[in-house]
Amino acid sequence: MTKLIAGNWKMNGSLAANTALLHALSEGLTEKPPCDIAVCVPAVYIAQIQLLKSTVAPLTAVEIGAQDVSAQSGGAFTGEVSARMLHELGCRYVIVGHSERRQYHGETDALVAEKAKAALGAGITPIVCVGETLAEREAGHTQEVVKRQLAAVVHANGHCISEIVVAYEPVWAIGTGKTASPEEAQAVHAVLRAQLKAATDQFLRIKVLYGGSMNAANAATLLAQPDIDGGLIGGASLKATDFLTIIAAARI
Ligand code: PGA
């Protein structure tokens, strides 16, 4: 299947830096890139990226994603952004359940599942993040943790589950420079794929991305694994040359 390379800018960027980054990206992109591409940007910059996309031709291939969404559809929820609002601004994807949101904002499996549901209801593809901490891995609980996290989303979304993207992001690999080895990542991806297969006969539509210190040097070997359908890239997505190298590696 066509791979997806999604950048997760996290809380980085500025009007000037975003323009520079997207112009640099556009120089290395053709209108028909080798894979699907997205940038998941801070919500306040979505409109800026939308405008850049409409003025710089090679950027038409770059889809826009948000990094979070409210589980609520609207109303008295100060500070929240709804899925409908993101859709109106041209978002194709939204990350839900990133470990930083689970860790720093207390997001539970049930809330993440509701957020995925809100996104799907508005026509946005949720990129559902799952992953174990170092302590959980060392205790031998990796499979149990990722299966529990994904099961909540499967349970809440029924047959719509075929419209999600999953991202396996071992927490110990995020922003640490420590990457899961291709074999370690593949083993977890195979478990997630089997779980999706049991949930829907449309499972082959569902991309399972790897995230956690994926970079220009290690992307090709990770992306060559049979069950790794792309990457969710943090740090390396902020450098145009690195992000372009990862995109090129997704041609495999
Ligand atoms: P990283 O972040 O590539 O900087 O490790 C990945 C992520 O958190 O999505």
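Heavy atoms only: backbone and side chains are in, while hydrogens, waters and symmetry mates are out. One-based numbering along the sequence shown. Order of appearance sets the numbers: ligands from 1, and atoms from 1 within every ligand.
- A heavy-atom cutoff of 4.0 Å around ligand 1 is satisfied by the protein residues Asn8, Lys10, His98, Glu169, Ala173, Ile174, Gly175, Gly212, Ser213, Leu232, Ile233, Gly234, Gly235.
- Evaluated for a salt bridge (charged side-chain N to carboxylate O under 4.0 Å, His left out) with Asp227, the options Lys207, Arg193, Lys197 yield exactly one hit, Arg193.
- We find that Asp36 and Lys3 are not joined by a salt bridge, their nearest charged nitrogen and carboxylate oxygen being 4.0 Å or further apart.
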Inset, instruction - Please assess Val39 against Ile49 for the test side-chain contact (heavy atoms from CB on, under 4.5 Å), listing each intermediate value before the final yes or no. - result: CA-CA 9 Å; Val39 287; Ile49 310 304; 4.3 Å; yes
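- Using a 4.5 Å heavy-atom cutoff, the side chains of Ile164 and Leu120 are in contact.
- If you run side-chain contact (heavy atoms from CB on, under 4.5 Å) between Val208 and each of Val130, Val188, Leu196, only Leu196 comes through.
- A salt bridge is defined here as a Lys NZ or Arg NE, NH1 or NH2 lying under 4.0 Å from an Asp or Glu carboxylate O, and Arg102 with Glu107 fails to meet this definition.
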